[in-house]
Amino acid sequence: MTTIAQQLKIKDFPFIIKDKAGNAIYYETSENHWSKFERDAHGNDIGQESDDGYRTKTERDAQGNLIRFEDSNGKIIDHRPKVIELTMEELAAKLGINVTQLRIKD
């Protein structure tokens, strides 16, 4: 596969392409190793892909904090809030009580 720098006949390395905000979205070395970076609207890194097939994908909350990371090696770090939805009957069964014993407080 021909890299971007090879196609453009670039001789000055590292070759870096930046977005409008000045964030690197592509990086290539003189040895033809490259990485692509995906960013959200705030410039936060949300994904990466490299010439060796390594990939990452991340999720961020509204404040830009990392809440989930996953890579192509199978590593997953998940800090997303857990939400459990149960019917009253399912909740009663988990508690080992009759559903008539459940009440929701105001």
Side-chain angles (χ1 to χ4, degrees):
M1 180 176 130
T2 306
T3 68
I4 293 175
Q6 289 171 331
Q7 291 174 29
L8 297 174
K9 299 181 180 5
I10 300 294
K11 303 293 182 202
D12 189 21
F13 291 92
F15 174 62
I16 302 169
I17 299 174
K18 296 181 179 183
D19 63 15
K20 292 178 184 178
N23 299 307
I25 57 172
Y26 182 84
Y27 181 92
E28 188 173 328
T29 69
S30 59
E31 292 85 26
N32 302 324
H33 296 294
W34 56 264
S35 292
K36 296 178 189 177
F37 305 94
E38 189 178 349
R39 301 191 183 277
D40 65 16
H42 304 289
N44 295 311
D45 179 29
I46 58 170
Q48 177 185 353
E49 176 184 358
S50 299
D51 63 287
D52 61 1
Y54 180 74
R55 295 173 186 252
T56 66
K57 196 73 172 166
T58 60
E59 284 182 48
R60 298 185 179 273
D61 64 17
Q63 291 75 41
N65 299 311
L66 181 66
I67 58 171
R68 188 171 191 283
F69 170 89
E70 181 176 355
D71 73 11
S72 55
N73 294 331
K75 180 179 182 178
I76 298 174
I77 300 169
D78 192 349
H79 298 294
R80 293 177 295 182
K82 307 297 183 243
V83 176
I84 300 172
E85 293 183 2
L86 298 172
T87 64
M88 294 293 278
E89 289 78 12
E90 291 168 330
L91 182 57
K94 289 200 176 286
L95 294 172
I97 62 174
N98 189 301
V99 72
T100 59
Q101 295 175 281
L102 288 174
R103 288 186 185 65
I104 298 174
K105 286 185 174 182
D106 290 331

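- For E59, the side chain to side chain contact (heavy atoms under 4.5 Å, CB included) criterion is met by I67, R68, R80, not counting sequence neighbours.
- Atoms CZ and CG, from F37 and N44 in turn, are 14.5 Å apart once rounded to the nearest 0.5 Å.
- Within 6.0 Å of NZ on K20 lie no more than 12 heavy atoms contributed by other residues, nucleotides or ligands.
- Judged as a side chain to side chain donor-acceptor pair (under 3.5 Å), and not counting sequence neighbours, the contacts of R55 are E49.
- By the side chain to side chain contact (heavy atoms under 4.5 Å, CB included) test, I4 pairs with L8, F15, I17, Y26, E28, sequence neighbours left out.
- Every residue two or more places apart in sequence or in another chain that forms a side chain to side chain contact (heavy atoms under 4.5 Å, CB included) with T2 is listed here: Q6, Q7.
- The hydrophobic cluster around L95 extends to I84, L86, M88, L91, I97, V99, L102, I104, counting ILVMFWY residues whose side-chain heavy atoms fall within less than 4.5 Å of a member.
- Although no hydrogens or angles enter the test, the distance criterion places a donor-acceptor pair under 3.5 Å between the side chain of T58 and the main chain of D45.
- A donor-acceptor contact closer than 3.5 angstrom is absent between the side chains of Y54 and N73.
- Remark: side-chain polar atoms of D51 are not paired, donor with acceptor, to backbone N or O of H33 under 3.5 angstrom.
- One distance of note links NZ of K18 with OH of Y27; it measures 11.0 Å at 0.5 Å rounding.
- Looking at every heavy atom in both residues, Q48 comes nearest to S50 through NE2-OG, 3.5 Å.
- Rounding to the nearest 0.5 Å places NZ of K57 at 5.0 Å from CD1 of I46.
- Scanning for side chain to side chain contact (heavy atoms under 4.5 Å, CB included) contacts around D12 gives an empty result, with sequence neighbours left out.
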